[in-house]
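Worth saying up front: this structure is predicted, and the values here are computed from it rather than measured. Side-chain atoms are counted along with the backbone in the values below, which use heavy atoms only and exclude waters and symmetry mates. In what follows, every chain begins at residue 1, and chains take the letters A, B, ... in the order their sequences are listed.
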Number of protein chains: 2
Amino acid sequence: MKKAKEILQRSDCPISYTLDFFGDKWTLLILRDMMFDGKTSYGEFLQSKEKIATNILADRLGALESNGFVSKTVSPENKSKFVYTLTEKGIALLPVILEMTIWGSKFSPAGGNKELLKVLKSDKEKTIKDFTKLLKKRIQA
Amino acid sequence: MKKAKEILQRSDCPISYTLDFFGDKWTLLILRDMMFDGKTSYGEFLQSKEKIATNILADRLGALESNGFVSKTVSPENKSKFVYTLTEKGIALLPVILEMTIWGSKFSPAGGNKELLKVLKSDKEKTIKDFTKLLKKRIQA
DNA sequence: CCGCATCCCTATAGATACTG
DNA sequence: CAGTATCTATAGGGATGCGG
């Protein structure tokens with residue numbers, strides 16, 4: 001039995017609310033892996049370059065699931081494996097993540113995703129819309 | 001003497017880089033107060049409804065300053081008071097914060113800023129551009 | 001062995017009281 | 001006004017466990 005670790009809302013401010021849940025260093029990285037790399041399993045998340053600890057990963061996946069950002073199902077191929085997929089509520093975070101990508105690409109010493117930046121620059125709104133559509137399609141299959 | 005608390009970069013990923021610095025529950029709220037409420041002083045930040053602790057505020061202001069997101073100057077009116085203002089690097093985070101506002105407004109039980117949402121919906125890119133211009137003007141005065 | 005969870009211990013975040 | 005000091009709670013790293 002898992003306790004659902006509810007979100008404690010500090011104020012009515014929408015920014016504050018967003019940070020109440022996503023204001024940590026790991027949660028959005030999991031969503032990134034799902035959105036951009038199509039990852040769906042615990043093991044795949046573990047392999048990301050930032051090296052998330054197993055307990056943190058389990059905790060965040062649980063929180064994401066119990067708050068409706070991802071759904072957890074048993075893998076059809078492997079009964080002892082779980083598949084995590086984005087919900088629409090999770091997909092709705094794409095614009096936030098993309099803006100973070102843009103900002104990070106501009107200011108990180110490591111540079112950023114030049115390809116993505118070029119596409120975004122030409123028509124950001126369209127890119128967001130199209131990518132959202134793609135993600136939604138992916139979860140229907 | 002203050003240690004500059006450098007950012008430890010977990011990977012080359014721009015999203016990860018953004019989270020390395022802004023992946024906490026308070027830093028962006030300070031920027032929110034500066035952007036949307038025009039706050040400029042320690043005392044004003046303390047009064048926000050989320051009730052930030054004094055040591056956290058001091059810590060975050062120090063980090064924001066030493067990393068070039070805000071600048072700290074002595075108040076012209078009151079020599080024993082400091083004035084914090086956004087830099088261009090800080091202003092560049094506006095799109096991220098606005099997307100968080102949009103997301104939070106959509107999903108927070110408390111609802112959100114309906115006015116802002118309406119404006120953003122009609123032309124998001126223009127709104128961001130105009131507001132950025134306003135913020136830049138503000139720091140030149 | 002792999003996928004996932006738990007335990008333990010340290011480091012950091014954060015609340016409250018206090019100070020130059 | 002603008003912080004520090006001190007103390008406690010929580011996040012997080014690494015090892016370990018356990019079932020297939």
Side-chain angles (χ1 to χ4, degrees), chain A residues 1-11 16 19-30 33-34 39-66 70-85, chain B residues 1-11 16 19-30 33-34 39-66 70-85:
Chain A
M1 194 57 162
K2 271 257 154 78
K3 53 177 183 276
K5 176 159 171 164
E6 55 196 284
I7 311 174
L8 146 72
Q9 203 166 337
R10 290 173 294 173
S11 81
S16 165
L19 291 169
D20 287 337
F21 194 81
F22 292 101
D24 79 288
K25 298 199 188 315
W26 296 107
T27 307
L28 286 175
L29 288 187
I30 297 174
D33 287 352
M34 301 182 80
K39 296 188 179 176
T40 59
S41 74
Y42 188 96
E44 288 176 310
F45 299 133
L46 265 192
Q47 285 160 38
S48 295
K49 6 180 195 25
E50 292 86 10
K51 295 280 144 219
I52 189 169
T54 57
N55 58 338
I56 307 296
L57 178 57
D59 176 85
R60 296 305 190 277
L61 282 174
L64 283 169
E65 191 207 354
S66 67
V70 310
S71 70
K72 180 183 186 177
T73 54
V74 176
S75 166
E77 296 122 32
N78 182 344
K79 294 285 278 178
S80 69
K81 185 177 175 178
F82 292 107
V83 171
Y84 296 92
T85 48
Chain B
M1 196 56 165
K2 269 245 152 84
K3 52 177 185 272
K5 177 159 170 162
E6 55 196 285
I7 311 173
L8 146 71
Q9 201 168 337
R10 290 172 294 173
S11 82
S16 165
L19 291 169
D20 287 337
F21 194 81
F22 292 101
D24 80 288
K25 298 200 189 314
W26 297 108
T27 307
L28 286 175
L29 288 186
I30 297 174
D33 286 352
M34 300 184 79
K39 296 189 180 176
T40 59
S41 73
Y42 187 97
E44 288 176 310
F45 299 133
L46 266 191
Q47 286 160 38
S48 295
K49 8 183 194 19
E50 292 86 9
K51 294 282 144 220
I52 188 169
T54 58
N55 58 340
I56 305 297
L57 177 56
D59 177 85
R60 297 303 191 278
L61 282 175
L64 283 168
E65 191 207 353
S66 70
V70 310
S71 70
K72 179 185 187 177
T73 54
V74 175
S75 166
E77 297 123 30
N78 182 343
K79 295 284 280 180
S80 69
K81 186 177 173 178
F82 292 106
V83 172
Y84 296 91
T85 47

Nearest to the [X] side chain among [options], which nucleotide is it?
{"X": "B:I56", "options": "C:dA13, D:dG14, D:dT6", "value": "C:dA13"}
{"X": "B:K81", "options": "C:dC7, C:dG14, D:dC1", "value": "D:dC1"}
{"X": "A:A58", "options": "C:dG14, D:dG12, C:dA5", "value": "C:dA5"}
{"X": "B:S41", "options": "D:dA2, D:dG13, C:dA15", "value": "D:dA2"}
{"X": "A:W26", "options": "D:dG12, C:dG14, D:dT4", "value": "D:dG12"}
{"X": "A:T54", "options": "D:dT4, D:dA15, D:dG13", "value": "D:dA15"}

| query | Are any side-chain N or O atoms of A:E44 and backbone N or O atoms of A:T40, one a donor and one an acceptor, separated by less than 3.5 Å? | reply | yes
| task | May I ask you to decide if A:E50's main-chain N or O and A:S48's side chain share a donor-acceptor pair within less than 3.5 Å? | result |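 Not confirmed, A:S48 side chain does not pair with A:E50 backbone.
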Specify the separation, in whole Å, of atom [atom1] of [X] and atom [atom2] of [N].
{"X": "A:I52", "N": "D:dA11", "atom1": "CD1", "atom2": "C1'", "value": "12 Å"}
{"X": "A:Y42", "N": "D:dG20", "atom1": "OH", "atom2": "C1'", "value": "16 Å"}
{"X": "B:E65", "N": "D:dA2", "atom1": "CD", "atom2": "P", "value": "14 Å"}
{"X": "B:L8", "N": "C:dA11", "atom1": "CG", "atom2": "C1'", "value": "13 Å"}
{"X": "A:F82", "N": "D:dG19", "atom1": "CZ", "atom2": "P", "value": "15 Å"}
{"X": "B:K25", "N": "C:dA13", "atom1": "NZ", "atom2": "P", "value": "12 Å"}

| Can you find a donor-acceptor pair, distance only, under 3.5 Å between B:D59 side chain and C:dG14 base? | no
| remark: Comparing nearest nucleotides in DNA chain D, the 5'-proximal residue of the pair B:Y84, A:S80 is B:Y84
| Below 4.0 angstrom, N of the basic side chain to O of the carboxylate: do B:D20 and A:K25 qualify? |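 Looking at B:D20 and A:K25, the cut-off is not met.
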| said: Categorize B:K72 for me: base, sugar-phosphate, or nothing, with a 4.0 angstrom heavy-atom threshold over every strand shown. | reply: sugar-phosphate
| said: Tell me whether B:K79 at atom NZ has more than 12 heavy atoms from other residues, nucleotides or ligands lying less than 6.0 Å away. | reply: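 No, not enclosed.
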| query | Within less than 4.0 Å of OP1 or OP2 of C:dG14, is there a side-chain N or O belonging to B:R60? | reply | yes
| message | Could you check whether B:K72 makes a cation-pi contact with B:F82, meaning its NZ or CZ is under 6.0 Å from the centre of the six-membered ring and within 45° of the ring axis? | response |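 Pair B:K72/B:F82 counts as cation-pi.
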